[in-house]
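Below is one structure, written out as structure tokens, with a few remarks after it.
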Amino acid sequence: MKYEYERIEKKWQEIWDKNKTFAAKNDYTLPKFYGLVEFPYPSGQGLHVGHPRSYTAIDIVARKKRLQGYNVLYPMGWDAFGLPTENYAIKNHIHPAKVTENNIKNFKRQLKSLGFSFDWDREVNTTDPSYYKWTQWIFLQLYKNGLAYKKKMNVNWCTSCKCVLANEEVVNGVCERCGNEVIHKEKSQWMLKITAYADKLLKGLDDVDFIDRVKTQQRNWIGRSYGTQVTFKTTLGDSFEIFTTRADTLFGATYCVISPEHPLIEKWKGSIKNAEEVQKYREESAKKSDFERTELAKEKTGVKLQGVMAINPVNNKEIPIFISDYVLISYGTGAIMAVPAHDTRDYEFAKKFDIPMIEVVAGGDITKEAYVDCNKGKMVNSDFLNGLSVDEAKSKIQEWLTEKGLGVKKVNYKLRDWVFSRQRYWGEPIPMVYCEKCGYVPLDESELPLTLPNIDSYEPTDTGESPLAKIGDWVNTTCPKCGGHAVRETDTMPQWAGSSWYFLRYCDPHNDDALASKEALRYWCPVDWYNGGMEHTTLHLLYSRFWHQFLFDIGVVPNPEPYSKRTSHGMILGENGEKMSKSRGNVVNPDDIVRDYGADTMRVYEMFLGDFEKAAPWSQSSIKGSKRFLEKVFALTDCLIEGDEFRKDIESDFHKTIKKVTEDIENLKMNTAIASLMSLLNTVLSKGNINHAEMKAFITLLNPFAPHITEEIWEICGFEGMLNESRWPTYEESKCVDSSVEIAVQVNGKIKARIMVSADISADDALALAKAEKNVFEAISGKTIIKELYVPKRLVNVVVK
RNA sequence: GCGGGCGUGGCGGAAUUGGCAGACGCGCCAGCCUUAGGAGCUGGUGUCCUUGAUGUGCAGGUUCAAGUCCUGUCGCCCGCACCA
């Protein structure tokens, strides 16, 4: 019989749709499994072959779990707010809502054509007012708990999107989305106080099963460091604070540096003799974009302040103060003490400005370079610290500073608060109004959702105001507090808002009274397994953990952490090994693959093409291998024979494969799971036929990977019911071993022979058999045996001299 | 610079975690079938000269035994990037 994938796949997709085969049950007594993949942004380009890599992998897990008796929730939805849609809408004069609707339709068709077992009854859409009502509700809770605030600040401004970006959205000084220049602009923005959760976000990582690189990346991003905040007095009679992790080197501090944005400069204006020069430097660094600033990072610049000196608290020596943009206003106190002998940046700066150095840790050669990694050295030139190790000196100086009230222990983070407002149309309106009398006032929860007004023109403005600002009817409103005139906030939320909690909505997607019922959340949360891209580690993944921990703190969700387990897939590259992109012309369209090879082949191929976690190039010729495999599997229906048990001679092959596939799926080793199924198929084919028991086991194991063809074979064979209602096969450990095995015989570690022995042979017998082999006998005769080893089921090694 | 990861046939990749390197697939070669093959089937396929040597980026080391562990070194990828 010919393998007609097109007919078979269409047939089963319709049956699954009609029967709602994969709808999660609302029976909260069953053991549950919640598998999650990142819901896509429905772009105009349609599905990328990268999407199915992640979706197929968790689909395989979900389908296996169902066969193992779990109540499985495997949902799908649309992260549909966002700039590309808005830009497309502007260009083509179609409303973004309409563009979104069309794109979703196309995405949904594509996803369905791949046979994913999503529960389509729970589909969510972040642009649906009944959904973003709850996104806005969460924002109000954040506001009421002091975690949302408005602040005038220097923000990242994308010159092309005409919109503010979060720090996480600026990549190498350019806009993450469009690649255009990002500059600094002073604007008043809504901020979310993610820094208040820095410690919780770090601590939570200890309790979850995330792959290490995700944990490490989040830890580095949060960037906690322990140090000391030290007070430096100045010759003007005032003082300022610096932050250092190396208080032990205080005696080596020969100057201080403050950031160009530091408020002290304004304060000292009257006393600074070179005010003009200083002002010029400040203006220059303000003009620099992030990109320029990092580019120029190699050569240090700065200006010495004339007329004010800092006083080193440990020895009361006067040292100069510089301003330089290598000190960031956003980290620590925006001021540092510089120890050129033991810090490479300070060293470089001191060389350029000819500032003296004092070695305070012996062991390096400071005429050549800064001695930074000096844990082995002893303190010198440091008065009461002399002779101590660095660690000893750290605690001693800390004690001393505390006693004199000159320095306190301090923890600093690299993490910044989250810039939450965007000056664009296609996002959730922020449910706040501004009243002249009352200031910012939150909308009453009963007013939610605050829907986006339907307008004709949503072009961004050059002034940096949201397009919503132009709609008088919408903007002008009354103050919920005093009833007087007020104006609405016209900025919208960033795309990350809707995706920060979507997995909660899947639990109970049609609830009008809450983001989801308590019962549903208690049953389904946390997500048991979440797979997604590494690129979201410090964006979506971190943001959603923050929101979730907050929702836990206010009693909305039952667990502090949203995801028990997080894995990540590698990218699928173009055939030439480069990233797939339109401009490189190496894009593969999933529709073409489904049409030419079938969904099952596509699924098997994407799982077989390499290590799941690593990037792998697409290979059009390799797909054929997966197609051939499925064709051979289908042809098994022509050689089916009776038999309700595995035949003895191939029984262990089946048990071993069941074990391997079962374990490999849990470890995302889909490539080796498929390889073992291919091997088993080859074994069966060499026998010439397959019996009922063997067929059932084989196609059940293959079902999660290739669901359509296996369901069809089940029907052709006349097995009872449907495959998706059957059970995952089990194995017996005792039957996974062969009774006799081939072992290698080595003499001095070199292979001389291979012999068949029974699996439970004794060491003595194995050695005796081995030494009787001709090659072995010749190699050892006349020599002294020093050592004899037998590694059960592996090898024998005879060591001679 | 810091952090994470990786180097195995012509290619994608396996290797029970120290125990027969190259599973499985692609490609390639030969044969069969065919008017034909970008189809199918069978067999072969790390390298080198036949015997049997050799082989996991390179150089050392530990061990009866190293792709796997240790030291050094070279190269590549990802993330962060003046975080004091």
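Owing to the predicted nature of the structure, the values given are computational and were not obtained by experimental measurement. To find a chain, count down the sequence lines: A is the first, B the second, and so on, and within it residues start at 1.
The same atom, P, is picked in B:A21 and in B:G55; the two are 12 Å apart, to the nearest Å. Separation of the P atoms belonging to B:G67 and B:U56 is 7 Å when rounded to the nearest angstrom. For B:G46 and B:G22, the P atoms lie 9 Å apart once the distance is rounded to whole Å. Spacing between B:G27 and B:G72 at atom P, rounded to whole Å, works out to 44 Å. Nucleotides B:A53 and B:G4 place their P atoms 44 Å apart, quoted to the nearest Å. Distance check on atom P: B:U45 versus B:C26 gives 16 Å, rounded to whole Å. Using atom P as the reference point in both B:C77 and B:U8, the two lie 14 Å apart (nearest Å). Between the P atoms of B:U62 and B:G13, the separation comes to 34 Å (whole Å).
Not less than 6.0 angstrom separates the ring centroid of A:Y731 from the ring centroid of A:F654.
The residue among A:E631 and A:T538 whose nearest nucleotide of RNA chain B is located toward the 5' end is A:E631. The residue among A:M678 and A:Y331 whose nearest nucleotide of RNA chain B lies closer to the 5′ end is A:M678.
Within residues 569-581 of chain A, no residue has any heavy atom under 4.0 Å from RNA chain B.
For B:C24, the paired base is B:G12 (Watson-Crick or G-U wobble, both distances below 3.5 Å). In this entry B:C33 has no Watson-Crick or G-U wobble partner, no candidate having both defining distances under 3.5 Å. In this entry B:G1 has B:C80 as its Watson-Crick or G-U wobble partner, both defining distances falling under 3.5 Å. The base-pairing partner of B:U17, taking Watson-Crick or G-U wobble contacts with both distances under 3.5 Å, does not exist among the strands shown. With both pairing distances under 3.5 Å, B:A53 is matched to B:U47 as a Watson-Crick or G-U wobble pair. Within the shown strands, B:C74 is the pairing partner of B:G7 under the Watson-Crick or G-U definition, both distances less than 3.5 Å.
Taking the side chain of A:K632 as heavy atoms from C-beta on, and the options B:C41, B:G27, B:C82, the nearest nucleotide is B:C41. Among the nucleotides B:A23, B:C64, B:G25, the one closest to the side chain of A:L789 is B:C64. Of the candidates B:A15, B:C64, B:C24, the closest approach to any side-chain atom of A:T672 belongs to B:A15. With B:C24, B:A84, B:C82 as the candidates, the nucleotide lying closest to the side chain of A:T245 is B:A84. Of all nucleotides listed (B:U54, B:A39, B:A65), B:A39 comes nearest to the side chain of A:R628. Residue A:L795 has its side chain nearest to B:G19 when only B:C82, B:G19, B:A84 are considered. The nucleotide whose nearest atom lies closest to any side-chain atom of A:R794 is, among B:U16, B:C64, B:G27, B:U16.
A straight line from NZ of A:K783 to P of B:C64 spans 18 Å, rounded to a whole angstrom. Atom CG of A:L681 is separated from atom P of B:A23 by 17 Å (rounded to the nearest Å). In this structure, CG of A:D653 is placed 15 Å from C1' of B:C24, rounded to the nearest angstrom. In this structure, the CG atom of A:D343 is 9 Å from the C1' atom of B:C82, given to the nearest Å.
Under the 30°/60° scheme for interplanar angles, the aromatic rings of A:W418 and A:Y543 are found to lie parallel.
Between A:R595 and A:D592 a salt bridge is recorded (basic side-chain N to carboxylate O distance below 4.0 Å). Checked for salt-bridge contact, A:R53 and A:E606 miss the test: no charged N lies under 4.0 Å from a carboxylate O. A salt bridge is absent between A:K656 and A:E663: the closest approach of a Lys/Arg side-chain nitrogen to an acidic carboxylate oxygen does not fall below 4.0 angstrom. Comment: A:R213 engages A:E613 in a salt bridge, judged by a side-chain N to carboxylate O separation of less than 4.0 angstrom. Between A:K687 and A:D653 no salt bridge is recorded (no basic side-chain N to carboxylate O distance below 4.0 Å). Electrostatic pairing of A:D199 and A:R224 counts as a salt bridge here, judged by a charged N lying under 4.0 Å from a carboxylate O.
Nucleotide B:G44 is shown with an anti base, its glycosidic torsion being more than 90° from 0. Glycosidic conformation of B:U17: syn, with the torsion inside 90° of 0.
Around atom NZ of A:K627, more than 12 heavy atoms belonging to other residues, nucleotides or ligands sit under 6.0 Å away.
Distance check: A:L328 CG to A:K414 NZ gives 11.0 Å after rounding to the nearest 0.5 Å. The CZ atom of A:F322 lies 11.5 Å from the CD1 atom of A:I336; values are rounded to the nearest 0.5 Å.
A donor N or O paired with an acceptor N or O is not found under 3.5 Å between the base of B:C80 and the side-chain atoms of A:K414.
Side-chain contact between A:D248 and A:V360: absent, with no pair of heavy atoms (C-beta onward) separated by less than 4.5 Å.
Contact annotation: A:K793 side-chain N/O to B:U16 OP1/OP2 distance is not under 4.0 Å. Contact annotation: A:S225 reaches the phosphate of B:A84 (side-chain N/O to OP1 or OP2, under 4.0 Å).
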The contact string for nucleotides 1-13 of chain B, one letter per nucleotide 5' to 3', using protein heavy atoms under 4.0 Å with B, S and - for base, sugar-phosphate only and none, comes out as --SS-------BS
